[in-house]
2 protein chains.
Amino acid sequence: MKLKDSKTEEVILEAAKSVFMEFGLYGARMQQIADRAGINKALLHYYFRNKEKLFDRVFENALARYFQNMEVLLDESQPIIDRVHSYADRFIDFLSEYPQMAIFLIKEVSLNQALFEEKVNRHKKEKASLILVLNQGMQRGEIQPVDAMMFFVNLVSLCTYPFVARPIFKVVASKNGAQWDVNRNLALKESIHEFINNKIKPL
Amino acid sequence: MKLKDSKTEEVILEAAKSVFMEFGLYGARMQQIADRAGINKALLHYYFRNKEKLFDRVFENALARYFQNMEVLLDESQPIIDRVHSYADRFIDFLSEYPQMAIFLIKEVSLNQALFEEKVNRHKKEKASLILVLNQGMQRGEIQPVDAMMFFVNLVSLCTYPFVARPIFKVVASKNGAQWDVNRNLALKESIHEFINNKIKPL
DNA sequence: GTCTATACGCAGATAGAC
DNA sequence: GTCTATCTGCGTATAGAC
């Protein structure tokens with residue numbers, strides 16, 4: 001029955017999130033986390049015992065947010081194709097707000113796949129899987145038949161990689177007299193909506 | 001006039017490449033590079049002075065290979081739309097052979113954008129920019145009008161992210177009774193060709 | 001050129017005062 | 001709970017023998 005969420009603990013978690021997201025597990029420095037939290041290094045260990053455990057907490061939160069996006073898929077009041085459009089929009093909004101999240105996930109997952117798998121399983125209670133919903137939509141004849149897994153991969157790629165590789169795209173853009181900015185999100189969404197319609201919109 | 005490429009130097013570079021690609025600049029350990037090269041740690045410093053300089057050499061090679069892909073775009077004997085298809089295919093073949101390359105680039109670029117920009121400039125001699133070629137194609141009426149930068153981002157996303165986020169996709173696939181394997185490359189290519197045709201193929 | 005041994009610094013973790 | 005001071009281990013880098 002612990003009602004007391006220590007203020008300090010929250011501050012630390014917030015600082016840890018920002019540092020871990022920027023530098024990853026191994027790149028992050030406990031000193032920097034302490035600095036951003038405005039406290040001492042030793043206090044980090046007092047609250048979270050060690051770096052891995054602190055990271056775990058941050059990672060857990062990140063994963064929760066990541067999977068939380070999928071819930072829109074379960075809104076039975078909307079036709080499936082609309083849910084897919086919303087899903088893409090939310091995905092991009094999420095990444096706009098936490099641009100480091102994707103690369104943060106990838107970095108650590110690629111270093112420690114087993115850990116990731118274990119953690120994902122803790123979040124799998126939801127049936128809000130795009131692939132599931134797509135298959136459902138195909139059975140009902142609500143959408144065009146597609147390879148659901150491939151569609152999922154394509155869609156997530158279109159949404160995510162612009163954020164993951166933003167530094168690269170910015171360089172390419174400037175070398176070509178083009179723009180690649182946050183304010184291109186709307187155009188990105190439109191482009192993806194077009195993709196979705198081309199692939200699964202009923203004729 | 002140095003004709004003599006030291007055998008040891010090559011072996012070290014090969015080992016360094018594999019370790020740096022797997023763990024990144026800061027994650028890589030000189031000891032592990034030495035181990036994979038079958039030599040001693042001190043010898044690394046003898047040949048390359050320090051870790052950063054060794055990394056530089058590897059990074060340089062990676063960038064060269066990365067940009068080398070673009071050359072197919074300049075083959076005037078082919079219609080532009082075919083070049084774009086080839087470009088995508090080559091991109092995927094490249095990433096199949098060096099699956100760590102993309103994430104390797106992203107990791108380090110996101111940590112040190114300035115360095116990346118400087119290095120890219122050293123490779124910019126080529127006019128083989130997809131964006132340039134697209135604009136050319138539009139002027140000639142060879143392809144449908146599109147936002148060239150957005151098309152570039154979409155296309156690169158579709159090609160690259162499946163490799164970058166492979167661990168994640170594998171987990172998702174297995175949780176949904178689907179497959180996500182190297183041997184899905186052909187299907188991935190087909191999917192991307194469809195995207196290209198939808199976007200820019202003349203009616 | 002290649003090795004062993006070692007110096008050096010950094011970052012995570014702990015001890016212990018307050 | 002929060003701090004300062006300190007220990008410890010690891011990883012880069014160097015010295016120096018062969």
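These figures come from a predicted structure and were not determined experimentally. Throughout, a chain's letter reflects where its sequence line sits, starting with A, and its residues are numbered from 1.
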Exercise. Check the distance between C:dG12's C1' and A:F20's CZ and give it to me in whole angstrom.
Key: 12 Å

Quiz item: Between D:dA13, D:dG1, C:dG1, which nucleotide gets closest to the side-chain atoms of A:Y46?
Solution: D:dG1

Practice problem: Measure the distance from CG on A:N50 to C1' on C:dA11 and round it to the nearest whole Å. | Solution: 14 Å

Quiz item: To the nearest angstrom, how far is A:L43 atom CG from C:dT14 atom P?
Solution: 14 Å

Quiz item: According to a strict under-4.0 Å criterion, is A:R29 in side-chain N/O contact with OP1 or OP2 of C:dC10?
Solution: no

Quiz item: Is any side-chain nitrogen or oxygen of A:Y47 closer than 4.0 Å to OP1 or OP2 of D:dT2?
Solution: yes

Self-check item: Nucleotide D:dA13, atom C1' - distance to CG of B:L54 in whole Å
Solution: 14 Å

Quiz prompt | Earlier contact from the 5' end, DNA chain C, for B:G38 and B:K41 | solution = B:G38

Quiz item: Counting side-chain heavy atoms from C-beta on, which of C:dT4, D:dA13, C:dG12 comes nearest to B:N40?
Solution: C:dT4

Self-check item: Candidates C:dA13, D:dT2, D:dG11 - which lies nearest the side chain of A:T8
Solution: D:dT2

Quiz prompt | B:I33 CD1 - D:dC10 C1' separation (whole Å) | solution = 16 Å

Exercise. Go through the steps to decide whether B:E194 and A:K199 satisfy the test salt bridge (charged side-chain N to carboxylate O under 4.0 Å, His left out), and finish with yes or no.
Key: CA-CA 9 Å; B:E194 199 185 319; A:K199 288 277 187 190; 3.4 Å; yes

Quiz item: Which is true for A:A28 with a 4.0 Å heavy-atom rule: it touches a base, it touches only sugar-phosphate, or it touches nothing?
Solution: sugar-phosphate

Quiz prompt | From D:dC3, D:dA15, C:dG12, nucleotide with atom closest to B:A42 side chain | solution = D:dA15

Exercise. May I ask you to verify if any side-chain N or O of A:H45 is less than 4.0 angstrom from the OP1 or OP2 atom of C:dA13?
Key: yes

Self-check item: Residue B:M30, side-chain atoms from C-beta onward, closest of D:dA13, D:dT2, C:dG12
Solution: D:dA13

Quiz item: For A:K51 and C:dC10, what is the distance between atoms NZ and P respectively, to the nearest whole Å?
Solution: 16 Å

Quiz prompt | Ion pair check, A:E22 and A:R36, cut-off under 4.0 Å | solution = yes

Quiz prompt | Value rounded to 0.5 Å, distance of CE in A:M149 from CZ in B:F169 | solution = 6.5 Å

Exercise. Determine, step by step, whether A:D35 and A:Q31 satisfy the side-chain hydrogen bond (donor to acceptor under 3.5 Å, both in side chains) criterion, reporting the C-alpha distance in whole Å, the side-chain angles of both residues, the deciding distance to 0.1 Å, and the verdict.
Key: CA-CA 6 Å; A:D35 289 348; A:Q31 184 60 59; 3.0 Å; yes

Exercise. Check the pair A:E52, A:R57 against salt bridge (charged side-chain N to carboxylate O under 4.0 Å, His left out), reporting the backbone distance first and the verdict last.
Key: CA-CA 9 Å; A:E52 258 72 19; A:R57 291 284 296 273; over 6 Å; no

Quiz item: Please give, in whole Å, the distance from C:dG12 C1' to A:F48 CZ?
Solution: 16 Å

Self-check item: Interatomic distance, B:L44 CG vs D:dT14 P [rounded to whole Å]
Solution: 13 Å

Practice problem: Using a cut-off of strictly less than 4.0 Å, decide whether A:R49 has a side-chain nitrogen or oxygen near OP1 or OP2 of C:dA13. | Solution: no

